[in-house]
Amino acid sequence: MIRVWLALVGGLYLMLAAWCALTPASTSQSVGFTLQGGSGQSEFLVVYGGLELALGLIFLWPLWQAAVARYALTVCLIVHGCLVLFRCASFFLFEGIGATTYSLATGEWLIFLISLGFCLSARKSVSTSAE
């Protein structure tokens, strides 16, 4: 079940990577960024497209190597825990946050909470089997 969950998250990240790489102007505009030519476009492509792709591959990795599922789940929990922390802080610090940002926040919370549930469940099953 964990591998299926990670595959879903990984697929989502591959779609986000494609969205950022193929339509950077509309993607950046939907989250409130203004891309400036050259460096701005390069940074958006690399940090958003490249990082989203890397995360997608990490979360898909357990599909072909089952032994890394726990590692990938831990990475998923850490990444989304940090996103949730900073996203929540941003809601207190900034005004005028758009609908796309709220949608992303909802997704981050869901991924974090579901991943936390899987981590706690896996931990509980390991401690139960050790007894």
Side-chain angles (χ1 to χ4, degrees):
M1 191 66 168
I2 290 171
R3 291 170 64 203
V4 171
W5 168 246
L6 289 169
L8 289 170
V9 175
L12 176 64
Y13 272 92
L14 291 184
M15 289 187 295
L16 288 170
W19 187 35
C20 291
L22 299 175
T23 60
S26 66
T27 306
S28 62
Q29 186 179 19
S30 71
V31 294
F33 284 172
T34 303
L35 294 184
Q36 295 189 9
S39 292
Q41 292 168 313
S42 175
E43 284 303 302
F44 188 83
L45 178 66
V46 170
V47 174
Y48 282 81
L51 191 55
E52 305 279 359
L53 177 61
L55 290 170
L57 294 175
I58 289 168
F59 302 145
L60 289 170
W61 187 10
L63 288 178
W64 64 86
Q65 193 172 2
V68 300
R70 194 173 181 126
Y71 168 79
L73 181 62
T74 302
V75 170
C76 189
L77 181 66
I78 292 168
V79 166
H80 291 91
C82 292
L83 291 174
V84 163
L85 176 67
F86 276 77
R87 184 74 71 191
C88 289
S90 78
F91 289 150
F92 288 104
L93 294 171
F94 308 115
E95 297 177 0
I97 294 173
T100 300
T101 302
Y102 283 109
S103 296
L104 291 170
T106 300
E108 291 158 358
W109 267 103
L110 285 171
I111 293 170
F112 171 70
L113 292 173
I114 293 168
S115 297
L116 179 61
F118 278 123
C119 280
L120 293 174
S121 172
R123 185 174 168 196
K124 189 175 185 178
S125 69
V126 167
S127 67
T128 302
S129 66
E131 293 174 357

Chemist: If you measure from CG on Leu116 to CG on Leu73, what distance do you get to the nearest 0.5 Å?
Modeler: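 Interatomic distance, Leu116 CG to Leu73 CG, rounded to 0.5 Å: 9.5 Å.
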Chemist: At what distance, to the nearest 0.5 angstrom, does CZ of Arg3 lie from CZ of Arg70?
Modeler: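 It comes to 15.0 Å.
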Chemist: With heavy-atom distances below 4.5 Å as the criterion, would you say the side chains of Leu8 and Leu12 are in contact?
Modeler: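 Result no, sub-4.5 Å side-chain heavy-atom pair not found.
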Chemist: As an exercise, state the distance from CD of Glu108 to SG of Cys82, rounded to the nearest 0.5 Å.
Modeler: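 If I round to the nearest 0.5 Å, the distance is 11.0 Å.
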Chemist: Would you check if Thr27 and Phe44 make a side-chain contact, meaning some heavy-atom pair closer than 4.5 Å?
Modeler: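 The answer is yes; the side chains approach within 4.5 Å.
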Chemist: Report the C-alpha separation of Leu14 and Leu60 in whole Å, then their side-chain angles, then the decisive distance to 0.1 Å, and conclude whether the side-chain contact (heavy atoms from CB on, under 4.5 Å) test is met.
Modeler: CA-CA 10 Å; Leu14 291 184; Leu60 289 170; 3.3 Å; yes
Chemist: Run through Leu55, Ile114, Ile111 and flag the one making a side chain to side chain contact (heavy atoms under 4.5 Å, CB included) with Cys76.
Modeler: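 The option that passes is Ile111.
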Chemist: Please name the pair of heavy atoms, one in Gln41 and one in Gly38, separated by the smallest distance, quoted to 0.1 Å.
Modeler: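 For Gln41 versus Gly38, the nearest heavy atoms are OE1-N, 2.9 Å.
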Chemist: Check the hydrophobic clustering (I, L, V, M, F, W, Y; side-chain heavy atoms under 4.5 Å; chains of links allowed) and say if Leu51 and Leu77 are grouped together.
Modeler: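 Result: no, two separate clusters.
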Chemist: Indicate the atoms forming the closest heavy-atom contact of Leu35 with Pro24, along with that distance.
Modeler: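 Shortest heavy-atom separation between Leu35 and Pro24 comes out as CD1-O, 3.7 Å.
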Chemist: Is there a donor-acceptor pair under 3.5 Å between the side chain of Ser121 and the backbone N or O of Gly117?
Modeler: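 No, the answer is negative, given that no donor and acceptor are paired below the 3.5 Å cut-off.
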Chemist: Look only at the side chain of Thr101 and the backbone of Ile97, and say whether a donor-acceptor pair between them is shorter than 3.5 Å.
Modeler: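 Pair absent, no side-chain N/O of Thr101 close to backbone of Ile97.
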Chemist: Compute the ring centroids of His80 and Phe118, then answer whether they are less than 6.0 Å apart.
Modeler: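 Ring centres of Phe118 and His80 not closer than 6.0 Å.
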Chemist: Would you call Trp19 and Tyr48 a side-chain contact if the rule is heavy atoms closer than 4.5 Å?
Modeler: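 The answer is no, as the side chains (C-beta and beyond) never meet within the 4.5 Å cut-off.
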Chemist: Measure the acute angle between the ring planes of Phe112 and Trp109, then classify it against the limits of 30° and 60° as parallel, tilted or perpendicular.
Modeler: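 Plane angle over 60°, so perpendicular.
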Chemist: With hydrophobic residues grouped by side-chain heavy-atom distances under 4.5 Å, do Phe91 and Phe86 end up in a single group?
Modeler: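 No, Phe91 and Phe86 fall in different hydrophobic clusters.
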Chemist: When you compare the side chain of Cys20 with that of Leu45, does any pair of heavy atoms fall below 4.5 Å?
Modeler: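 Not in contact.
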Chemist: Taking Ser28 for its side chain and Thr34 for its backbone only, find out whether a donor-acceptor pair lies under 3.5 Å.
Modeler: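 Side chain of Ser28 to backbone of Thr34: no pair is present.
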Chemist: Would you check if Val75 and Phe59 make a side-chain contact, meaning some heavy-atom pair closer than 4.5 Å?
Modeler: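 Yes, at least one pair of side-chain atoms sits under 4.5 Å.
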